[in-house]
Amino acid sequence: MKMANSLRGEVLNLYKNLLYLGRDYPKGADYFKRRLKNVFLKNKDVKDPEKIKELIERGKFVMKELEALYFLRKYRAMKQRYYSDTNKTQ
């Protein structure tokens, strides 16, 4: 039972972190929130600890992908802002 509780905490943390990251999702926060909720509800009856760990790892991967997406978007915006100005002056 102890392991199940620690996994539950991990799942809740993952959900909260993904929900937080979803605020800046390109298709909108509401779209992301609905999709996230559906995925978590779809897997709510999974009881096997190994399967749960696998799903947690998949969620962590999605978090890293979102962070990379946001970083890239920010980088592109900065690059466009700074380099388009230098091209105009030449």
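Numbers here simply count residues along the sequence, with the first being 1.
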Under 3.5 Å, side-chain donor or acceptor atoms of residues 12-23 against the rest of the protein: list the pairs with distances, not counting sequence neighbours.
from, atom 1, to, atom 2, distance (Å)
Asn17, ND2, Asn13, O, 3.3
Tyr20, OH, Arg23, NH2, 3.2
Arg23, NE, Tyr20, O, 3.0

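- Placement of Val39 and Met63 in two distinct hydrophobic clusters is found when ILVMFWY residues are connected by side-chain heavy-atom separations under 4.5 Å, directly or transitively.
- Take Arg35 and apply the side-chain hydrogen bond (donor to acceptor under 3.5 Å, both in side chains) test, not counting sequence neighbours, and it matches Tyr31.
- Applying the salt bridge (Lys or Arg N to Asp or Glu O under 4.0 Å) rule to pairs touching residues 59-77 yields Glu10-Lys60, Glu57-Lys60, sequence neighbours excluded.
- For the pair Leu41/Lys44, a side-chain contact is recorded, criterion being any heavy-atom separation below 4.5 Å from C-beta on.
- Residues that satisfy the salt bridge (Lys or Arg N to Asp or Glu O under 4.0 Å) test with Glu54, not counting sequence neighbours, are Lys51.
- Once rounded to the nearest 0.5 Å, the distance linking CG of Asn38 with CG of Asn43 reads 11.0 Å.
- Counted within 6.0 Å of CG on Asp30, heavy atoms from surrounding residues, nucleotides or ligands total 12 or fewer; the atom is thus considered open.
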